[in-house]
J.: 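Here you go, one structure.
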Amino acid sequence: MTTTDRSVQEQAQATPVLQVKNLRVYYETEAGQVKAVDDVSFELQPNERLALVGESGSGKTTLALAIMRLHKPPGHIMGGDILLDGRSLLDLTEEEMRMVRLAKVSLVAQAAMNALNPVMRIGEQVIDGLIDHGERRSKEEFRTLVTELLERVGLDPGVARMFPHELSGGMKQRVLIATATALSPRVIIADEPTTALDVVVQRQVMITLGRLQRETGAAVIIVGHEMGLMGQFADRIGVMYAGKLVELGTVEQVVNNPRHPYSKLLIDSVPDLEEKREKLTGIPGMPPALIQLPTGCGFHPRCPSAMPICSEITPPFQRMPDGSLVACHLYDEPKAGVEA
Ligand code: SF4
């Protein structure tokens, strides 16, 4: 490869496929404003796998749905931007966005049973989805495509003639993965794709998703709460708490050297069979109600390292010397003239 080729390739690799910039998704309710996603920014490179982890209610699913513009009212995007290949998804009309879904950015939904139509055969609904997003082929070509798609996720082509209730949870999830990857999208968003599956099937689903990601060259955002499973799949991990991204780094940085006290507690709550940790540490307290967030750092009422400043000032999302990002006052630069 020539130097020019290499620099072109490096430049292409450095161009993010997805940019989320200062995104804010709020819900207006009678009881007040709920900041479900609050000032979240990150970039995703082609081929990259990013896991978003956090407890229920941390905003990760709202963030995933907002990227697809599938968040439901009374949720609104109050600010920020979402760029796919440099083009703002927020500038698209509803019809343009409908065409972008599946073709450019697709969703593997959380509850496979709810995402599939119970009274339609699998093959028909896969074809229906493709037609709905602008794909035009003959009946025979569509049938061949469905066979290919099912085989690609390890399912027998006969599944096309079956109804969702005839499939196991793992098979349904594979159907969703087959549909989501059918048009080779640039970004696949998988929202807790292994919820309610047993551990063996969870692993098979993750392997299938990983293989298709490699084959299609798509970037993946996977949403989950199980740090161990996410760490095995992803390249980078983003930790969310109370609507904010509080830590973002490589799996090595976040899992082996977590900086944010919440990330540390999340990791300590995962069983480690190799180290045979005798006692698992739970996270003290409960996640805050998003409608009534604590002042300053949202984690301060539960944080074992909280300091006076934590309840007063929201910590900035700041870059660490190793390139990871963290929002915590423990890593504030010492002010000039103030002893550390
Ligand atoms: Fe804990 Fe303070 Fe850091 Fe928040 S800013 S995580 S309360 S040390």
Side-chain angles (χ1 to χ4, degrees), residues 20 22-26 32-42 50-63 80 223-228 230-231 234 236-270 272 277 279-340:
V20 174
N22 307 104
L23 190 67
R24 290 182 291 133
V25 186
Y26 294 176
Q33 198 173 53
V34 174
K35 297 180 176 180
V37 173
D38 194 17
D39 201 16
V40 167
S41 299
F42 66 89
L50 171 69
L52 291 177
V53 298
E55 290 164 292
S56 299
S58 59
K60 48 196 196 313
T61 292
T62 304
L63 173 58
V223 173
H225 53 264
E226 221 267 63
M227 190 69 110
M230 297 294 112
R236 280 194 304 156
I237 292 185
V239 181
M240 288 195 73
Y241 188 80
K244 286 187 179 291
L245 203 49
V246 295
E247 182 156 7
L248 179 64
T250 62
V251 170
E252 166 75 16
Q253 288 164 341
V254 178
V255 175
N256 295 345
N257 185 26
R259 285 192 164 94
H260 198 282
Y262 177 61
S263 310
K264 287 181 188 167
L265 287 167
L266 266 186
I267 288 161
D268 287 347
S269 64
V270 176
D272 186 333
R277 224 175 9 232
K279 208 168 142 217
L280 293 181
T281 318
I283 303 174
M286 298 288 288
L290 293 177
I291 203 157
Q292 216 173 6
L293 287 172
T295 53
C297 170
F299 190 54
H300 84 256
R302 306 172 75 187
C303 180
S305 312
M307 307 168 282
I309 189 180
C310 302
S311 57
E312 290 164 15
I313 298 173
T314 306
F317 202 39
Q318 49 197 329
R319 194 168 290 281
M320 299 289 100
D322 64 0
S324 66
L325 289 144
V326 65
C328 175
H329 287 306
L330 291 172
Y331 305 96
D332 286 351
E333 286 280 326
K335 301 261 185 311
V338 176
E339 297 237 342

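Just so it is clear, the structure is predicted and the values come from calculations on it, not from any experiment. Indexing begins at 1, ligand by ligand and atom by atom, following the structure's order.
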J.: Look at the rings of Phe299 and Tyr241 and say which category their plane angle falls in: under 30° parallel, 30 to 60° tilted, over 60° perpendicular.
T.: perpendicular

J.: Under 4.0 Å from a heavy atom of Ser305: give me the atoms of ligand 1 that qualify, with their elements.
T.: 8 (S)

J.: In the protein, which heavy atom is nearest to atom 2 (Fe) of ligand 1, and how far is it?
T.: Cys310 SG, 2.2 Å

J.: Kindly compute the distance separating CG (Leu248) from CG (Leu50), expressed to the nearest 0.5 Å.
T.: 6.5 Å

J.: Write out the residue and atom name of the closest protein heavy atom to atom 3 (Fe) of ligand 1, then the distance separating them to 0.1 Å.
T.: Cys328 SG, 2.3 Å

J.: Which residue owns the protein heavy atom closest to atom 5 (S) of ligand 1, what's the atom, and how far is it?
T.: His329 N, 3.2 Å

J.: Is there a side-chain contact between Pro261 and Cys328 in this structure, where contact means two heavy atoms from C-beta onward sitting under 4.5 Å apart?
T.: yes

J.: Could you tell me which atoms of ligand 1, counted from 1 in the order shown, lie closer than 4.0 angstrom to a heavy atom of Pro261?
T.: 1 (Fe), 6 (S)

J.: Backbone or side chain, does Cys303 get an N/O/S atom under 2.8 Å to atom 1 (Fe) of ligand 1?
T.: yes

J.: Taking 4.0 angstrom as the limit and counting only heavy atoms of His260, give me the atoms of ligand 1 inside it, by number and element.
T.: 6 (S)

J.: With a 4.5 Å cut-off on side-chain heavy atoms, are Val25 and Leu63 touching?
T.: no

J.: Only heavy atoms of Cys297, strictly under 4.0 Å: list the atoms of ligand 1 that pass.
T.: 4 (Fe), 5 (S), 6 (S), 7 (S)

J.: Can a donor-acceptor pair be found, under 3.5 Å and without considering hydrogens, that links the side chain of Arg302 to the backbone of Pro284?
T.: yes

J.: From atom 2 (Fe) of ligand 1 out to just under 2.8 Å, does an N/O/S atom of His300 turn up?
T.: no

J.: Do side-chain atoms of Thr295 reach the backbone of Glu312 as a donor and acceptor pair under 3.5 angstrom?
T.: no

J.: Could you tell me whether the side chain of Glu247 and the main chain of Arg259 form a donor-acceptor pair under 3.5 Å?
T.: yes

